[in-house]
Amino acid sequence: MKLRYQRLRGFQDILLEKIEKLRWCEERWCEVLGRYGYGEIRTPIVEPTDLFLRSVGKGTDIVDKEMYTFESKGGESLTLRPEMTASVVRAYLENGLTRQPGTMKFYYNGPMFRHDQPQAGRYRQFHQVGVEALGSDSPVLDAEVIQTAMALFDAVGAEGVTAQVNSIGCPECRPAFLHDLKDFLNDNLDVIPENLKARIDINPLRLYDAKDDGVAKLLSTFKPITDSLCQGCRDHHDVVLRTLESLGVPFVSNPALMRGLDYYCRTTFEITARSGRKQSSLAGGGRYDYLVEHCGGPATPAIGFSIGVERTLLHLDDKPFDAQRSPQSKVDVYVACTDIAAQEFALILVESLRDNYRVEIDTTGRSLKAQAKSANLRRAKVMLVAGEQEVLSGAIQLKNFATGEQKQVDGKSLSAAVQEVMEGE
RNA sequence: GUGGCUGUAGCUCAGUCGGCAGAGCCCCUGGUUGUGGUCCAGGUGGUCGUGGGUUCGAAUCCCAUCAGCCACCCCA
């Protein structure tokens, strides 16, 4: 069959078994996030391009290469959100929440868009579940946020995940480190591949993200950023690490962990899974104490993270999804009908069963043999059979699949008869 | 953006030296005049990704192109 239409590269259909797994995770995540004090936020998928340019930052791959940007009819530049933090900050300010008492804690779950090269666990439209907590600069909150992320993985049974934690300092102490780092890199230009040299001037921290072995080796000989923190950042970082230890959160300190977005400061973290080939970075986050102010609000410290949903699902279950072998949704009662008259009769007769049970009426007109087979595939406990005789008599055949017994029941006693079988399990 | 691998039935794939387009699974029908998992028989289903070229003849060889997967880059 030649397909007339195909989904776009890097996009996906989510259906059948796959969406059941997704919903299973989502339900658990909502539950856990509620227990950690987060309330849901939903924001538009489209925002003015400028919001991301200014918050995520020019010079990052996300805004330079990966945004779905287009022009509206009014000539305004719009962008499909590539991440959520900027939108949450925008919503926080736009809804006048800066004077709310305490810490505002939001969680979100939704699609993000990045025009990246697709591969396993990486899509152009993908889903993130994450949190943003605005209004507290306490290092204990940082630890709680990391703990929250770990709790989300725990809730869906993800194994072998660890948090990597670092501090990238603040505007007070980072410039000195960057200066030294730049000098150091320029003294060792011969080790750095051509394609990475441009980063030295744009954002030298991003050399840490490069997977080049020579560069990694070189940087490991440089002083770790955690040794260059100012007193405030150092104290903050110490408390974060200490609290994580007290909580028993499995983490490792990783001074080479930087983050690709401009707005981070102090605590940054990433949650990684031990796995050979798949995308191992399942979640990332950090503190962004200056973003709210940068967006025109009052100085407001904040921290957040987001989980890559597809990656996490991939990590939970490495069997590739196969729509062909994926069963259709389960039902309690399957109604087999011989013809259209019987379908009509059955639909009316069975209506009240749907108050309590999942009921499928087969309207294909196939052989009863084929319909009974489908009933079984759908895991029905009960099959009802309607044909010419039933239409005439007003009664219906009820078969209990567990016992194989079949009897005739009239319309009035149908509910009770079905209930009897369902509760007999 | 760069490199590697792969495109044949709804799915998974075979197809020899260039010589009639195949198998298994799924689906449908029958065996069982109206009934499930097993079994048996039969059947539906193909623009061989697409477009050119070579050839008497192309799924097969050549060129181009598109798509998928994987890796790099980067990220969730």
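Below, all heavy atoms of this structure are taken into account, side chains as well, without hydrogens, waters or symmetry copies. Naming: A, B, ... by sequence-line order, numbering from 1 per chain.
- A:A283 comes within 4.0 angstrom of sugar-phosphate atoms only, judged by non-hydrogen atoms across all strands, and of no base.
- For A:D332 (side chain) and A:R358 (main-chain N/O), a donor-acceptor pair under 3.5 Å exists by modelled atom type.
- Side chains of A:H236 and A:D142: a donor on one and an acceptor on the other come within 3.5 Å.
- To the nearest angstrom, C1' of B:G34 lies 11 Å from NZ of A:K399.
- Look at A:Q119 and you'll find a side-chain N or O under 4.0 angstrom from OP1 or OP2 of B:A71.
- Counting to the nearest Å, the C1' atom of B:C75 and the CD1 atom of A:I307 are 15 Å from each other.
- Protein atom NZ of A:K373 is 10 Å distant from nucleotide atom P of B:C39, rounded to whole Å.
- The P atoms of B:G36 and B:C27 are separated by 14 Å, rounded to the nearest whole Å.
- Atom OH of A:Y123 is separated from atom P of B:C75 by 20 Å (rounded to the nearest Å).
- A donor-acceptor contact closer than 3.5 angstrom is absent between the side chains of A:E270 and A:Q164.
- Using atom C1' as the reference point in both B:C26 and B:C69, the two lie 24 Å apart (nearest Å).
- In this entry B:U55 has no Watson-Crick or G-U wobble partner, no candidate having both defining distances under 3.5 Å.
- When the C1' atom is compared between B:U12 and B:U54, the two are found 33 Å apart, to the nearest whole Å.
- In terms of position along RNA chain B, the nucleotide closest to A:Q324 lies nearer the 5' end than the nucleotide closest to the other residue of the pair A:Q324 and A:K369.
- A:Q125 comes within 4.0 angstrom of no nucleic acid atom, judged by non-hydrogen atoms across all strands.
- Base engagement by A:D116 is indicated by at least one non-hydrogen atom pair under 4.0 Å involving a base atom.
- Side chains of A:R366 and A:S374: a donor-acceptor N/O pair is present below 3.5 angstrom, by distance only.
- A donor N or O paired with an acceptor N or O is found under 3.5 Å between the base of B:G34 and the side-chain atoms of A:Q389.
- Looking at heavy-atom distances under 4.0 Å, A:G130 makes no contact with the nucleic acid at all.
- Of all nucleotides listed (B:G37, B:C75, B:U35), B:G37 comes nearest to the side chain of A:N376.
- Distances from the side chain of A:S281 to the nucleotides B:A71, B:C75, B:C25 place B:C75 closest.
- Nucleotide B:C11 forms a Watson-Crick or G-U wobble pair with B:G24, both donor-acceptor distances falling under 3.5 Å.
- Side-chain atoms of A:R311 and base atoms of B:C75 include a donor and an acceptor less than 3.5 Å apart.
- Atom C1' of nucleotide B:G68 and atom CG of A:D13 are separated by 14 Å, given to the nearest angstrom.
- Comparing B:U29, B:U35, B:A76 by their nearest atom to the side chain of A:A370 picks out B:U29.
- A:M383 comes within contact range of at least one nucleobase, with a heavy-atom separation under 4.0 Å.
- Nucleotides B:G43 and B:G22 are separated by 13 Å at their P atoms, to the nearest Å.
- As a whole-Å value, the separation of A:F153 CZ from B:A76 P is 12 Å.
- The ring of A:F126 lies on top of the base of B:A76, close enough and flat enough: under 5.5 Å between centres, under 30° between planes.
- A donor atom on one side chain and an acceptor atom on the other are found under 3.5 Å apart for A:Y263 and A:T85.
- Checking B:U35, B:C73, B:G30 against the side-chain heavy atoms of A:Q397 singles out B:U35 as nearest.
- Using a 4.0 Å heavy-atom cutoff across all strands shown, A:S367 reaches sugar-phosphate atoms only and no base atom.
- A gap of 41 Å separates the P atoms of B:C48 and B:U35, to the nearest Å.
- The residue among A:Q128 and A:V385 whose nearest nucleotide of RNA chain B lies closer to the 5′ end is A:V385.
- B:C72 and B:U16 have their P atoms separated by 35 Å, with the value rounded to a whole Å.
- Here the side chain of A:L377 is nearest to one of B:C39, B:A71, B:C27, namely B:C27.
- With respect to A:P255, the side-chain contact (heavy atoms from CB on, under 4.5 Å) criterion is satisfied by exactly one of A:D227, A:T226, A:V165, A:I168: A:T226.
- Residue A:Q117 places its side chain closer to B:U2 than to any other of B:U2, B:C11, B:C75.
- Taking the centre and axis of the six-membered ring of A:F401, the NZ or CZ atom of A:K381 falls outside the cone set by 45° and 6.0 Å.
- In the set B:C28, B:A76, B:G10, B:A76 carries the atom at the smallest distance from any side-chain atom of A:R259.
- If you check the side chains of A:D355 and A:S352, you find no donor sitting under 3.5 Å from an acceptor.
- B:C39 is paired with B:G31 under the Watson-Crick or G-U wobble criterion, all donor-acceptor distances under 3.5 Å.
- Comparing atom distances between the A:R9 side chain and each of B:G36, B:G68, B:C75 picks out B:G68 as nearest.
- Straight-line distance between the C1' atoms of B:U55 and B:G18: roughly 9 Å, to the nearest whole Å.
- Distance CG (A:L368) to C1' (B:G34): 5 Å, rounded to an integer number of Å.
- Of the nucleotides present, B:G49 is the one that pairs with B:U65 by Watson-Crick or G-U wobble criteria, both distances under 3.5 Å.
- At whole-Å resolution of the value, CZ in A:R366 and P in B:U32 are 22 Å apart.
- Across B:G57 and B:C20, the matching C1' atoms stand 12 Å from one another, rounded to whole Å.
- A donor N or O paired with an acceptor N or O is not found under 3.5 Å between the base of B:A76 and the side-chain atoms of A:R122.
- Remark: the A:S87 side chain and the A:E47 side chain contain an N/O donor-acceptor pair separated by less than 3.5 Å.
- Not one side-chain nitrogen or oxygen of A:S306 sits closer than 4.0 Å to the OP1 or OP2 atom of B:A76.
- With hydrogens and angles left out, the side chain of A:Q406 and the base of B:U35 share a donor-acceptor pair within 3.5 Å.
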